[in-house]
Amino acid sequence: QLQLVESGGGLVQPGGSLRLSCAASGFTMGNYAIAWFRQAPGKEREGVTSISRSGASTDSADSVKGRFTISRDNAKNTVYLQMNSLKPEDTAVYYCAARSTYVNSWWRPIIYDYWGQGTQVTVSS
């Protein structure tokens, strides 16, 4: 059974850091482009960042550029999201999603085939 499982969320103070992980089971993650999305209460799901199958291509939303970094270790079947300089507005449930190919419109949730269950990130003092 194909599954994505996020972990690493939690409560952090403004300016702090967290690293999220997205682990795959039931399939080879290296065959899929992966994206991170987030959804805050009352808001639409927002594309945060994405990475191609090899890791050679990445892209991020303007709101997180310079603060968040996506990476992958295909040998471990895992994608990571390093989040630095966190702000209260980064508070949301964070999801990883998979699709077969990397596309310029990576920020559209509808194009993804598989989703994790989400992990809560709360940035607050």
- prompt: Between atom OG of S60 and atom CD1 of I51, what is the distance when rounded to the nearest 0.5 Å?
  reply: 9.5 Å
Of all pairs that satisfy salt bridge (charged side-chain N to carboxylate O under 4.0 Å, His left out), the ones with a partner from residues 84-96, not counting sequence neighbours: R38-D90, R67-D90
message: If you compare all heavy atoms of G118 against all heavy atoms of V93, which two are closest, and at what distance to 0.1 Å?
response: CA-CG1, 3.8 Å
field: Least distance between heavy atoms, I111 atom then S105 atom
entry: CD1-O, 3.3 Å
- line: Those residues at least two apart in sequence (or on a different chain) that pass salt bridge (charged side-chain N to carboxylate O under 4.0 Å, His left out) with R108 are none
field: Distance in Å, L4 CG paired with Y112 OH, rounded so as to fall on 0.5 Å steps
entry: 12.0 Å
field: Non-neighbouring partners of D59 that pass side chain to side chain contact (heavy atoms under 4.5 Å, CB included), sequence neighbours left out
entry: S50, K65, Y102, W106
query: Considering residues at least two apart in sequence or located in another chain, which fulfil the side-chain hydrogen bond (donor to acceptor under 3.5 Å, both in side chains) criterion with R99?
result: T101
Min side-chain heavy-atom separation V5-Q117 under 4.5 Å: yes
statement: A23 meets the side chain to side chain contact (heavy atoms under 4.5 Å, CB included) criterion, sequence neighbours left out, with T78
message: For residues I70 and V121: do they belong to one hydrophobic cluster (side chain heavy atoms under 4.5 Å, members Ile, Leu, Val, Met, Phe, Trp, Tyr)?
response: yes
statement: For D73, the side chain to side chain contact (heavy atoms under 4.5 Å, CB included) test, sequence neighbours excluded, returns A75, K76, Y80
field: Min side-chain heavy-atom separation P88-P14 under 4.5 Å
entry: yes
S54: partners by side-chain hydrogen bond (donor to acceptor under 3.5 Å, both in side chains), with sequence neighbours left out: none
- prompt: Within the side chain of R72, is there an N or O that forms a donor-acceptor pair under 3.5 Å with the backbone of M29?
  reply: yes
message: Using 0.5 Å steps for rounding, measure from the OG atom of S52 to the CD1 atom of I34.
response: 10.5 Å
statement: Those residues at least two apart in sequence (or on a different chain) that pass side-chain hydrogen bond (donor to acceptor under 3.5 Å, both in side chains) with N77 are none
message: Quick check: do T119 and S7 have side-chain heavy atoms less than 4.5 Å from each other?
response: no
message: Within the 4.5 Å heavy-atom criterion, are Y32 and L2 side-chain neighbours or not?
response: yes
query: Can you list the residues that meet the side chain to side chain contact (heavy atoms under 4.5 Å, CB included) rule with V12, with sequence neighbours excluded?
result: L18, L86, V123
query: Can you name the nearest heavy-atom pair linking R53 to N31, along with the distance?
result: CD-O, 3.2 Å
- prompt: Within the distance-only criterion (no hydrogens, no angle test), does the side chain of S17 pair as donor or acceptor with the backbone N or O of N84 below 3.5 angstrom?
  reply: no
statement: With sequence neighbours left out, the residues meeting salt bridge (charged side-chain N to carboxylate O under 4.0 Å, His left out) with D113 are none
message: What I'd like to find out is whether the side chain of C22 reaches to under 4.5 Å of the side chain of W36, using heavy atoms alone.
response: yes
- line: For L11, the hydrophobic cluster (side chain heavy atoms closer than 4.5 Å, chained through members) also holds none
- prompt: Going by the disulfide bond (SG atoms under 2.5 Å apart) test, which pairs reach into residues 23-53, not counting sequence neighbours?
  reply: none
query: OG of S125 to CD of Q13: how many Å apart, nearest 0.5 Å?
result: 7.0 Å
message: Could you report the tightest heavy-atom contact between E6 and G116, atom names first, then the distance?
response: OE2-CA, 3.2 Å
- prompt: Below 6.0 angstrom between ring centroids: does that apply to Y94 and F37?
  reply: no
- prompt: Where does the angle between the aromatic ring planes of Y95 and W115 fall among parallel (under 30°), tilted (30 to 60°) and perpendicular (over 60°)?
  reply: perpendicular
